[in-house]
Amino acid sequence: PSIGDVIAVKSTVYCEHDGKREALTVGMALFVTDVIIAEGDGKAKLLLRSGSIISVGEKATIRLADFPSSDNQFTTRINAEQGAVRLFIAKSQAGGHFEVDTETAVAAVRGTDWIVDVTRDHTAVAVLSGSVAVRSKAGGEVLLDKPGDGTDVQRGAPPTAPKTWGAARLSSTVKRASFE
């Protein structure tokens, strides 16, 4: 079954589904394992059935890896391969949670507006409202619970201590990730 729909698209964005690649269009249904690829200045806004919104930013690639069911402890999971992604997470079902999995870190939240910026060897996470727990795949975890605070996770290293991102960094990342 469909897990959501595309509600906005700007410029060049594709969806890979069942081995086929097609241009993303408003109203297109989304399914678990779909890969969303934004090229150049392309952006897309996705509305999941849970009420959560994913804003796929410029040059971002994500895979819709899992959607809540009793088989996965009511977990929504996306794999972020590259680029900036902004997420507004609706309240999860009791016991459920939302995760973004990257090469270097896993971030998990509930009822939060936050951004993730991913490269192969680095993941940056900042919270805009609510709280985000960020765990390095190499070990170590930090909690971001102050708007504007962020952390950086390099491959093989723990997350940096939470610190307020400068206005320029936060604004630039939000702009690249957001569909406005």
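- Smallest separation of non-hydrogen atoms from Ala60 and Ala84: CB-O, 3.6 Å.
- Side-chain contact between Val56 and Val13 is absent, with no heavy atoms from C-beta onward closer than 4.5 Å.
- Ring planes of His17 and Phe31: tilted class, angle from 30 to 60°.
- In this structure, the separation between CD1 on Ile53 and CG on Asp113 is 9.5 Å, given to the nearest 0.5 Å.
- A side-chain contact (heavy atoms from CB on, under 4.5 Å) with Leu64 holds for exactly one of Val35, Val32, Ile78; it is Ile78.
- Scanning both residues, Asp5 and Arg49, for their nearest heavy atoms gives OD2-NH1, 2.7 Å.
- In this structure, the side chains of Pro162 and Thr151 stay at 4.5 Å or more apart for every pair of heavy atoms.
- Separating the CG atom in Asp152 from the OG atom in Ser136 is a distance of 12.0 Å, to the nearest 0.5 Å.
- Side-chain contact between Val127 and Ile115 is absent, with no heavy-atom pair separated by less than 4.5 Å.
- Note that OG of Ser131 and NZ of Lys146 are 15.0 Å apart. Values are rounded to the nearest 0.5 Å.
- Val118 and Glu81 make their closest contact through CG1-O, 3.5 Å (heavy atoms, listed as atom of the first residue, atom of the second, distance).
- The shortest side-chain heavy-atom distance between Thr173 and Trp165 falls under the 4.5 Å cut-off.
- Here Cys15 contributes atom SG and Leu24 contributes atom CG; the two are 6.0 Å apart, rounded to the nearest 0.5 Å.
- Residues Ile37 and Val6 do not share a hydrophobic cluster, clusters being chains of Ile/Leu/Val/Met/Phe/Trp/Tyr side chains in contact below 4.5 Å.
- Considering Asp101, Val153, Val100 as possible partners of Val106, the one that fulfils the side-chain contact (heavy atoms from CB on, under 4.5 Å) test is Asp101.
- We find the OG1-CD distance between Thr119 and Glu103 to be 9.5 Å, quoted to the nearest 0.5 Å.
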Inset, instruction - Take Ile36 and Tyr14 through the side-chain contact (heavy atoms from CB on, under 4.5 Å) test and state the conclusion after the steps. - result: CA-CA 6 Å; Ile36 309 300; Tyr14 295 99; over 6 Å; no
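- No side-chain heavy atom of Ile7 sits under 4.5 Å from any side-chain heavy atom of Leu46.
- If you take CZ on Arg176 and OG on Ser55, they are separated by 12.0 Å, rounding to the nearest 0.5 Å.
- Inspection of the Thr104 and Arg155 side chains reveals no N or O donor paired with an N or O acceptor under 3.5 Å.
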Inset, instruction - Run the numbers on Lys10 and Glu39 for salt bridge (Lys or Arg N to Asp or Glu O under 4.0 Å), then give the verdict. - result: CA-CA 10 Å; Lys10 174 189 169 198; Glu39 294 186 350; over 6 Å; no
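- In terms of heavy-atom proximity, Arg169 sits nearest to Ala124 at NH2-CB, 3.4 Å.
- The two residues Pro158 and Gly140 make their nearest non-hydrogen contact at CB-CA, 4.5 Å.
- Inspection of the Thr33 and Arg63 side chains reveals no N or O donor paired with an N or O acceptor under 3.5 Å.
- Ion pairing between a basic and an acidic side chain is recognised when a charged N comes within 4.0 Å of a carboxylate O; Asp41 and Lys59 show no such pairing.
- Contact check for Gln82 versus Arg120: no side-chain heavy atoms found under the 4.5 Å cut-off.
- The cluster map of Ile, Leu, Val, Met, Phe, Trp and Tyr, joined by side-chain heavy atoms under 4.5 Å apart, puts Leu128 and Ile89 in different clusters.
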Inset, instruction - Check the pair Asp66, Phe98 against side-chain contact (heavy atoms from CB on, under 4.5 Å), reporting the backbone distance first and the verdict last. - result: CA-CA 10 Å; Asp66 224 342; Phe98 194 107; over 6 Å; no
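- Using a distance-only test at 3.5 Å, with no hydrogens or angles considered, a donor-acceptor pair links the side chain of Ser178 to the main chain of Val174.
- No side-chain heavy atom of Val116 sits under 4.5 Å from any side-chain heavy atom of Arg86.
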Inset, instruction - Test Ile62 against Asn79 for side-chain contact (heavy atoms from CB on, under 4.5 Å), laying out the working first. - result: CA-CA 5 Å; Ile62 68 166; Asn79 294 345; over 6 Å; no
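- The neighbour count for Lys163 NZ, taken as heavy atoms of other residues, nucleotides or ligands under 6.0 Å away, does not exceed 12.
- Contact detail for Val125 and Thr123: the closest heavy-atom pair is CG2-CG2, 4.0 Å.
- The backbone N or O of Gly42 lies less than 3.5 Å from no partner atom in the side chain of Thr12, so there is not a single donor-acceptor pair.
- Trp114 places none of its side-chain heavy atoms less than 4.5 Å from the side chain of Leu144.
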